[in-house]
Amino acid sequence: MSTALVWLRNDLRLADNPALHAAAKNHQKVVALYVHEEAPGLRPIGAAARWWLHQSLESIARDLAEIGVTLEVHAGKPEAVLRAALKGHDAETVYWNRRYGPAERELDAGIKQALKSDGFSVESMPGNVLIEPWLIQTGQDKPYSVFTPFWKNLRTMDIAAPLPAPKGKSSRFRPVDADYEEPHWAGKLGQYWSIGETAAQERLTTFLDESVVDYPEGRDFPAKDVTSRLSPHLRFGEISPRQIWHTAQAFLHAHHSKAGPVDKFLSELAWRDFSYHQLYHRPNIAEIPMQEKYSSLRWRHAPAQLRAWEKGKTGIPIVDAGLRELWETGYMHNRVRMLVASFLTKNLLIDWREGERWFWDCLVDADEANNPASWQWVAGCGLDAAPYFRIFNPVTQGERFDGSGDFVRRWVPEIAALPDKFIHAPADAPQDILAKADIAIGSTYPRPIADLKQTRQRALDAYGAVSAQAAD
DNA sequence: TGGCGATTGGT
DNA sequence: CCAATCGCC
């Protein structure tokens, strides 16, 4: 009887899982493995994502048991784990779905070569993207560096249709990932999320049925609940981008609805692929600015301000609201991510890598493509990035996109009693209004840690110096 | 997927 | 004085 191993990584689902599908089709018995990897160059997973991963592993272990596949969770060097498993299960073939980070690719290629030279079969399959990064390129056969042509090309391509989940006779489930100790904040995050493949599919259905029509206009308003919130499910592959693509197209046809909103949503999904495109083609995007000239930008060393930013105590309400939402839920609304990142990199002139690291640790959806690529985008050093002179005014942005202050009041309750007029700039409120709202600036709520006008000019000067230097 | 100050043309 | 427009960063 032939046995195959499936090495699961960022693909914790049964449906549209090419590696699992091929293993089940070609072999009588399938054993699934997950490895908490210890390998040089691999970025250790952040704490919030690690929490999500634990839940997701338990979830897929249950689902796999339903089709008679056991999931084993190990820790260590993946090659050693795979060798031991191949021997222990008397298996001859390993399947996995590809990943795209430079370190991961090198690791996987080395394992593949080593196992093959020992007589095992290794099959790598399409990974957690719409299109493999090397299958889409410019007319000059180069990687894309601008999103719009990337998107125009991508939307004309055939995105692989999702594969069905394998079938099988159910077996007994037992918990996996037993060594994980839940952190004290696990219960807090747990209130906000429902984890696993079934939950991910339900989220997509709910989003399409209830929210996608309002997505293009509503997505910029953090108090509105019209974004998909699929990002952490995508991060761990509980749902694949190909499934989202095809489900969204089918929804469009079934409802004869206008293409605009669905199209807008899919273009955001394409941004995700664009990030993986960058991860694949560029060296170490979490550390190296993709626009070389920004290597010379002199970031400020300001640990106290960084700390205030992290903890949501900057004195700028919408910035604080976003960072507290992150701390509380492991997530932050997209518009607010842009605002807090702009405030850190431009107003505070603190290195984007500091912010990227904080997000990496706190976000349940942090992945090694989108988190660094998006930080570089805001900081101005990324591909197709925001121009350096685009500096958000977080007060103006708050008034525009959270005019009623609902988002701020939810996460910054100590200023909730302020009238709308001052909710985004408490320090500007007259003394009697502050007293009536029971607020003492500098005591119950911080005075802004940066003067927006002055720090804006400082950023323009610093960024301008980089551009001028590059023009020499 | 900006902000801001200056200008303009209207009160 | 005001909103709308424009050029620059």
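To find a chain, count down the sequence lines: A is the first, B the second, and so on, and within it residues start at 1. These numbers come from a predicted model, not from an experiment.
Protein atom CH2 of A:Trp151 is 16 Å distant from nucleotide atom P of B:dT1, rounded to whole Å. Taking atom CG of residue A:Asp461 and atom P of nucleotide C:dC9, one finds them 12 Å apart after rounding to whole Å. Rounded to whole Å, the distance from CZ on A:Phe274 to P on B:dT1 is 16 Å. Look at CD on A:Gln454: it is 14 Å from P on B:dC4, rounded to the nearest Å. At whole-Å resolution of the value, CE in A:Met332 and P in B:dT1 are 22 Å apart. As rounded to whole Å, 14 Å separates atom C1' of C:dC9 from atom OH of A:Tyr463. At whole-Å resolution of the value, CG in A:Asn347 and P in B:dG3 are 11 Å apart. In this structure, A:Leu452 atom CG and B:dC4 atom P are separated by 8 Å, rounded to whole Å.
One finds a salt bridge joining A:Arg353 and A:Asp351 here, because a Lys/Arg side-chain nitrogen approaches an Asp/Glu carboxylate oxygen to under 4.0 Å. A salt bridge links A:Asp108 and A:Arg99; the closest N-O separation between the charged side-chain nitrogens and carboxylate oxygens is under 4.0 Å. Here A:Glu268 pairs with A:Lys264 in a salt bridge; the nearest charged N to carboxylate O distance falls below 4.0 Å. Between A:Arg410 and A:Asp225 no salt bridge is recorded (no basic side-chain N to carboxylate O distance below 4.0 Å).
The side chain of A:Arg335 sits closest to B:dT1 out of C:dC9, B:dG5, B:dT1.
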Residues A:Gln278, A:Met290; criterion side-chain contact (heavy atoms from CB on, under 4.5 Å); working and verdict:
CA-CA 9 Å; A:Gln278 296 166 44; A:Met290 285 182 269; 3.0 Å; yes
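Neither OP1 nor OP2 of C:dC9 sits under 4.0 Å from any side-chain N or O of A:Lys346.
For the 3.5 Å distance criterion, the side chains of A:His36 and A:Asp177 qualify, holding a donor opposite an acceptor.
When the shell of 6.0 Å around CH2 of A:Trp411 is examined, it contains more than 12 heavy atoms from other residues, nucleotides or ligands.
Interface residues of residues 391-412 of chain A facing DNA chain B, ordered by number: A:Ile391, A:Phe392, A:Asn393, A:Gln397, A:Arg400; criterion, heavy-atom separation under 4.0 Å.
Between A:Leu460 and A:Lys453, the one whose closest nucleotide on DNA chain B sits nearer the 5' end is A:Leu460.
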